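One structure is given here, and the rest of the page talks about it.
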Amino acid sequence: MSDSSRTADDARAAFQSCKSRDPKDQVQFYDSWAENYEEDHTLMSYRAPDLAVNFLSDHFSGNPEDALVLDVACGSGWVARVMVKLGFRLFVGVDGSKGMLEQAAQTGLYQDLKLALLGPEPLPAPPDTFDVVIMVGALDDGFAPVSVVRELCHAAKPGGLVCMARGDHRATSSHRYKKDLERELQLMEEDGLWSPVRVQHVHRYMQDPHEEEERYITGNVYLYRKSSRAAVHS
């Protein structure tokens, strides 16, 4: 169980403790962080799951109970728990950390959970299958590469929604990643794979865990609809 006496200083220390950008090091870090992950993020006023899910729900026109959701970088199952409150019921989760997947399994919300390190390994999801594909976090330098967004699109049904949320961290590498990401999103639009529904800029995405003062980083929630012509044909 997590240590309920943890403080904001403990949370900052946890965020700062993994400096490696090696994927295997990242997995080991998240395995060890899994039990305290949500508490530490809450202490840093992490709003991304609620921001992304509410934004998605505002633009979802189907019956949420019937929607099949692919939760990529699902972590502890936080996003699924928020989506359940809005009527969603069918979830498949993917994450690179076995420890995080164990936490997600304890929610009892997922029909299936898959272990995969995105980038080195392909997204383990069949094409043209999911009504909703959502990825909150992990779109940053040292985590999932920009190329993953095409895999998210492939997994969605034609006409399905793809929702992605990421914070604008202060590191130069994060700014480069954002530039590369938005270039890729634009190229996919030009290729006719999807069309933008809306992009929401968020001023208070979460507290900056690398600052002692209570400063917030900004973020973005991206929402795209897969083209009805973009089905993957074998």
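Here the structure is a predicted model, which is why all the values come from computation and not from measurement.
With hydrogens and angles ignored, the 3.5 Å screen pairs a side-chain donor or acceptor of Q111 with a backbone N or O of F91. Using modelled atom types, no side-chain atom of D208 and backbone atom of R215 make a donor-acceptor pair closer than 3.5 Å. The backbone N or O of K98 sits less than 3.5 Å from a side-chain atom of D31, completing a donor-acceptor pair. Remark: the backbone N or O of S195 is not paired with any side-chain donor or acceptor of R225 at under 3.5 angstrom. Under the 3.5 Å distance criterion, the side-chain polar atoms of R166 are left unmatched by any main-chain donor or acceptor of G219. Here the side chain of T129 pairs a donor or acceptor atom with the backbone of P127 at under 3.5 angstrom. E151 contributes a side-chain N or O that, together with a main-chain N or O of L123, makes up a donor-acceptor pair within less than 3.5 Å.
Residue R6 comes nearest to A14 through the heavy atom pair NH2-CB, 4.0 Å, listed as atom of the first residue, atom of the second, then distance. Taking every heavy atom of both residues into account, P120 and L118 meet most closely at CD-O, 3.0 Å. Closest heavy-atom contact between P158 and S228: CB-CA, 3.7 Å. Contact between A52 and V221 at its shortest, heavy atoms only, is CA-CG1, 4.1 Å. What you find for A144 and M135 is that their closest heavy atoms are CB-CE, 3.6 Å. Here the closest heavy-atom approach between residue A125 and residue L70 is recorded as CB-CD2, 3.7 Å.
Atom CD of residue Q28 and atom OH of residue Y30 lie 14.0 Å apart, to the nearest 0.5 angstrom. With rounding to the nearest 0.5 angstrom, the OG1 atom of T218 is 10.0 Å from the OH atom of Y205. Summarising the geometry, atom CG belonging to D191 is positioned 11.0 Å from atom OG belonging to S227; distances are rounded to the nearest 0.5 Å. Here the CG atom belonging to L185 is positioned 10.0 Å from the CG atom belonging to N220, to the nearest 0.5 angstrom. Between atom NE2 of residue H169 and atom CD1 of residue I217 there is a gap of 4.0 Å, rounded to the nearest 0.5 Å. Rounded to the nearest 0.5 Å, atoms OG1 (T7) and CG (D10) are 3.5 Å apart.
In this structure, the side chains of D66 and D131 stay at 4.5 Å or more apart for every pair of heavy atoms. The shortest distance between side-chain heavy atoms of L152 and M188 does not fall below 4.5 Å. Side-chain atoms of R198 and Y222, non-hydrogen and from C-beta on, never get closer than 4.5 Å to each other. A heavy-atom distance below 4.5 Å is not found between the side chains of L68 and V132. Residues D141 and S174 form no side-chain contact, since every pair of their non-hydrogen atoms from C-beta on lies 4.5 Å or further apart. Here the side chains of K157 and F130 are not in contact, with every heavy-atom distance at 4.5 Å or above. Put simply, the side chain of C153 reaches to within 4.5 Å of the side chain of W194, judged on heavy atoms. Looking at heavy atoms from C-beta onward, Y177 lies out of side-chain contact with S173 at the 4.5 angstrom threshold.
Taking the six-membered ring where tryptophan is involved, the planes of H41 and F15 are tilted, since the angle between them lies from 30° to 60°. Ring pair F29/W33 is tilted by interplanar angle, where 30° to 60° counts as tilted. Using the six-membered ring where Trp is involved, H201 and H203 have ring planes that are perpendicular, over 60° apart on the 30 and 60° scheme.
Ion pairing between E121 and K114 fails under the 4.0 Å rule for side-chain N and carboxylate O. Remark: R12 does not engage E211 in a salt bridge, criterion side-chain N to carboxylate O under 4.0 Å. By the 4.0 Å N-to-carboxylate-O rule, D168 lies close enough to K178 to be salt-bridged with it. With salt bridges taken as basic N to acidic carboxylate O contacts below 4.0 Å, one links K226 and D128.
A continuous path of ILVMFWY side-chain contacts below 4.5 Å connects V162 to V199, so both sit in one hydrophobic cluster. Hydrophobic clustering (side-chain heavy atoms under 4.5 Å, transitive across Ile, Leu, Val, Met, Phe, Trp, Tyr) groups Y110 together with L101. No chain of hydrophobic side-chain contacts below 4.5 Å, direct or via other Ile, Leu, Val, Met, Phe, Trp or Tyr residues, connects Y216 to V136. Residue V146 is not grouped with residue L187 when hydrophobic side chains (ILVMFWY) are merged at heavy-atom distances under 4.5 angstrom, including chains of intermediate members. One hydrophobic cluster holds both M206 and V53 under the rule that ILVMFWY side chains link at heavy-atom gaps under 4.5 Å.
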| request: Mind running side-chain contact (heavy atoms from CB on, under 4.5 Å) on Y224 and V197 for me, showing each step along the way? | output: CA-CA 5 Å; Y224 284 82; V197 177; 5.6 Å; no
| message | Between E102 and Q106, is the side-chain hydrogen bond (donor to acceptor under 3.5 Å, both in side chains) condition met? List the steps. | response | CA-CA 7 Å; E102 290 171 352; Q106 292 178 22; over 6 Å; no
| task | Show your working on side-chain hydrogen bond (donor to acceptor under 3.5 Å, both in side chains) between D40 and Y46 and close with a plain yes or no. | result | CA-CA 9 Å; D40 286 350; Y46 183 61; over 6 Å; no
| query | Would L139 and V149 count as a side-chain contact (heavy atoms from CB on, under 4.5 Å) if you check the C-alpha gap in whole Å, the side-chain angles of each, and the deciding distance to 0.1 Å? | reply | CA-CA 9 Å; L139 286 170; V149 297; 4.2 Å; yes
| message | I'd like to know whether W78 forms a side-chain contact (heavy atoms from CB on, under 4.5 Å) with T42, so could you lay out the CA-CA distance, the side-chain angles of the two residues, the decisive distance to 0.1 Å, and finally the verdict. | response | CA-CA 11 Å; W78 194 338; T42 299; 3.8 Å; yes
| message | For V79 and M83: C-alpha separation, side-chain torsions, deciding distance, then whether side-chain contact (heavy atoms from CB on, under 4.5 Å) applies. | response | CA-CA 6 Å; V79 167; M83 293 187 77; 3.9 Å; yes
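With respect to S76, the side chain to side chain donor-acceptor pair (under 3.5 Å) criterion is satisfied by exactly one of Q103, E35, E38: E38. The side-chain contact (heavy atoms from CB on, under 4.5 Å) test with N54 singles out one residue from D50, L51, L56, and that residue is D50.
Using a 3.5 Å distance cut-off with no hydrogens or angles, the side chains of E182 and Q186 do not pair a donor with an acceptor.
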